[in-house]
Amino acid sequence: METLLSSTLPNSLPFSDASFVGKAKHRRQTIIRRRGKPTPKQTTASSIQRQNPSLHEKIFKPLHNLISTFPTKNLPPHLDPNHILSGNFSPAAELPPTPCDVEIGPLPPCLDGAYIQNGPNPQFTPLPPYYYTDGDGMLHSLKISGGAATFCSRFVKTFKYKTERDLGYPVLPNAVAFFISNLRASMLLTAARFMSFQFNPFADGIGTANTSVALVAGRLLALAETDLPYEIRITPDGDIETVCRRQFGGGDGGERFLTMTAHPKTDPDTGETFAFRYFVTPPFLTFFRFDSDGIKQADVEIFSMNAASLVHDFAITKSFAVFPDPQIVIDPMRILIGKPVMGADLGKTPRLGVIPRYAVDEKEMYWMETPGLNIVHTVNAWEEGGGGKIVVVASNVLCVDRALSDLDQIILEKIVIDAAEKKIVARYRVSRRNLDFGAINARYSGKKNRYVYAAMLESMPKMVGLVKLDLSLSDSEDCTVSSRMYGPGCYGSEPVFVAREGAEEEDDGYLVVYVNNEKTEESHFVVMDAKSPTLETVAAVKLPRRVPQGFHSIFVNQSDLLKL
């Protein structure tokens, strides 16, 4: 696999599927439209090679290699690719559609469709500094039809991926590592590449599309919050195709924006999708939505977010949107005092902000201080008492000072907001365990739900098991009613709940995950009964090769796949 190897790079890792590597560890307004041919101002990978091959080969590549050798001995483990890319974090090659054996079955009829996991998987050996969220997006899909299963792994063909594939080595910066490291030489080199037209993030983006997958107005999108989404499709034979990078603008060129959250929220009753972006310059937060036809509505700029923060997720109810303002800040000026651009500000008090979900401006938005509440992911939110109370269920990072280096203490909380008084009136911890990646029956999104299925974490994002929580027991210290561990050396993917055909009860359905055994290097697709006290396995598919550890997953039913 020549695109996976680069003998000219320092600290090269021989990427392989067979073994682990490393140290063993738009309508009237605007509508979603296909991206056209690049304009003269846009920079493509081939134009880089035609215009500036000497800059790449004679200056920037050797300089990058040289800079990358200096800090390797003193790099903290969370920025050292040799440390990160080990165990089931080691990269895997693409795999074309491959039939799989159903070891335990049969597969339930409601699973006709595709389970898709997204995650980081560097195309080349990355040069340090490298953070585990920086890898190129790779989708791992199991397409099920009539009880038969086909597995496929493909890179999302982003601008970054194609540029580096054509050049033959990594050239664009590792975005997250760039923000959380304090390596000024690497920052200056990135600035020099931009100023010499080596790449243009404002035209093409440098995102990896490696975080999540979402179905928005009939389009399947691979997302990362550092860029616009990329549209993908699953072919009838189970292959994964990248369609285009999705720009949102009118026929006259319309508006342009640089990024979109990896966690849009779709109302199952109206078909609308709500989203946002955050940025390092004002407005630091911008809220927007798409109608059920995919038409993007006007931006709502939120200037009451008075500094840039890492707003990774948010929540919606039938009437409101709720945003966190955590202690993880993003400020380029921190460089002047010897700190990384992104990091924890322990002198800041985190906040929650509430805004009407159909707001045209931020006049009705209010913020509430929430000491000790640093939300990473939201599970769900709803209203009670005729809209008098807003309830949010979300994961909270306990040790925010080391959240970017060793995220191993994270809990699920239930937060109750008095909408009339505009204050938080209650907070409950719903489990004693480290939990994140919570899933619910999607029919209850934005509405009151009873059950949550969450991953038990060893460390982010290594998921060692599952729990089922009954939120009606929130006056208890632990709402766990079912749990399951995967076993020694085994780690799962984000669980997804799929309702049984004709189901009437909220928990009548299945939980689906990938489970990877680091000892045997084998991976399975596991189907569990969501009603079972032990989350019993009812079906399992042996996958043709291991699935690297990823982030977020989705299940798309067959009727939606046919519309793509």
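What's counted below: heavy atoms across the whole structure, side chains too, no hydrogens, waters or symmetry copies. Computed from a predicted model, the values in this text were never measured in an experiment.
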Inset, instruction - I would like to know whether Leu457 and Phe437 meet side-chain contact (heavy atoms from CB on, under 4.5 Å); could you show each step before the answer? - result: CA-CA 9 Å; Leu457 299 184; Phe437 297 95; 4.1 Å; yes

Inset, instruction - Show the numbers, then the answer: is there a side-chain contact (heavy atoms from CB on, under 4.5 Å) between Leu215 and Leu564? - result: CA-CA 10 Å; Leu215 192 63; Leu564 298 178; 4.1 Å; yes

Inset, instruction - Report the C-alpha separation of Ser523 and His140 in whole Å, then their side-chain angles, then the decisive distance to 0.1 Å, and conclude whether the side-chain contact (heavy atoms from CB on, under 4.5 Å) test is met. - result: CA-CA 12 Å; Ser523 295; His140 306 276; over 6 Å; no

Legend entry - Steps toward side-chain contact (heavy atoms from CB on, under 4.5 Å) verdict (Thr378, Lys265): CA-CA 10 Å; Thr378 62; Lys265 309 297 182 186; 3.5 Å; yes

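Between Tyr132 and His78, the distance separating the two ring centers is not shorter than 6.0 angstrom.
The distance from the CG atom of Asn121 to the OG atom of Ser90 is 8.5 Å, given to the nearest 0.5 Å. Distance check: Leu220 CG to Leu561 CG gives 7.5 Å after rounding to the nearest 0.5 Å. Atom CZ in Arg277 sits 12.0 Å away from atom OG1 in Thr261 (nearest 0.5 Å). Annotation: the span from Phe497 atom CZ to Tyr453 atom OH amounts to 4.5 Å, rounded to 0.5 Å. One distance of note links CG of Asn88 with CD of Glu521; it measures 9.0 Å at 0.5 Å rounding. In this structure, Met463 CE and Tyr491 OH are separated by 12.5 Å, a value rounded to the nearest 0.5 Å.
Under the 3.5 Å distance criterion, the side-chain polar atoms of Gln117 are left unmatched by any main-chain donor or acceptor of Glu494. Here the side chain of Asp80 pairs a donor or acceptor atom with the backbone of Asn82 at under 3.5 angstrom. Looking at Asn174, its side chain does come within 3.5 Å of a backbone N or O of Pro129 through a donor-acceptor pair. The main-chain N or O of Asn118 is never found under 3.5 Å from a side-chain atom of Asn210 such that the two would form a donor-acceptor pair. Checked by atom type and distance alone, the side chain of Gln549 pairs as donor or acceptor with a backbone atom of Pro461 at under 3.5 Å. Remark: the backbone N or O of Leu404 is paired with a side-chain donor or acceptor of Tyr131 at under 3.5 angstrom. Using modelled atom types, one side-chain atom of Asp112 and one backbone atom of Gly146 make a donor-acceptor pair closer than 3.5 Å. Counting only distance, with no hydrogens or angles, the side chain of Thr259 and the backbone of Thr226 share no donor-acceptor pair below 3.5 Å.
With a 4.5 Å cut-off on side-chain heavy atoms, Leu310 and Glu225 count as touching. No side-chain heavy atom of Phe159 sits under 4.5 Å from any side-chain heavy atom of Asp227. Between Val213 and Ile232 there is a side-chain heavy-atom pair separated by less than 4.5 Å. Side-chain contact between Pro91 and Pro122: present, with at least one pair of heavy atoms (C-beta onward) separated by less than 4.5 Å. Using a 4.5 Å cut-off on side-chain heavy atoms (C-beta onward), Thr133 and Pro120 make no contact. Counting heavy atoms from C-beta outward, Thr273 and Thr266 have side chains that approach closer than 4.5 Å. The side-chain heavy atoms of Val547 and Phe151, taken from C-beta on, include a pair separated by under 4.5 Å. Residues Leu85 and Pro126 meet the side-chain proximity criterion, which asks for heavy atoms closer than 4.5 Å.
Across Asp134 and Ala175, no two heavy atoms sit closer than the pair OD1-N, 3.3 Å. Closest approach of Ser493 to Tyr115, counting heavy atoms only: OG-OH, 2.6 Å. Between Ser445 and Pro268, the closest heavy-atom pair is O-CD, 3.6 Å. Looking at every heavy atom in both residues, Ala92 comes nearest to Met138 through O-CE, 3.5 Å. The minimum heavy-atom distance linking Pro128 with Pro81 is given by the pair CB-CD, 3.8 Å. When all heavy atoms of Thr158 and Ala209 are compared, the closest pair comes out as CG2-CB, 3.8 Å.
Residues forming a salt bridge (charged side-chain N to carboxylate O under 4.0 Å, His left out) with Asp101 (at least two apart in sequence, or on another chain): none. Here Asp529 pairs with Arg500, Lys531, Ser532, Val538 under the side-chain contact (heavy atoms from CB on, under 4.5 Å) rule; sequence neighbours left out. Annotation: salt bridge (charged side-chain N to carboxylate O under 4.0 Å, His left out) contacts of Asp136 (sequence neighbours excluded): Lys160.
Partner Glu241 forms a side chain to side chain contact (heavy atoms under 4.5 Å, CB included) with one of Lys157, Arg154, Arg233, Glu231 and no other, that one being Arg233.
Between the side chains of Thr98 and Arg545, no donor-acceptor pair of N or O atoms lies under 3.5 Å.
The aromatic rings of Phe525 and Tyr514 sit perpendicular, their planes meeting at an angle over 60°, well past the 30° parallel limit. In this pair, His377 and His552 present their aromatic rings perpendicular. The plane angle is above 60°, beyond the 30 to 60° band.
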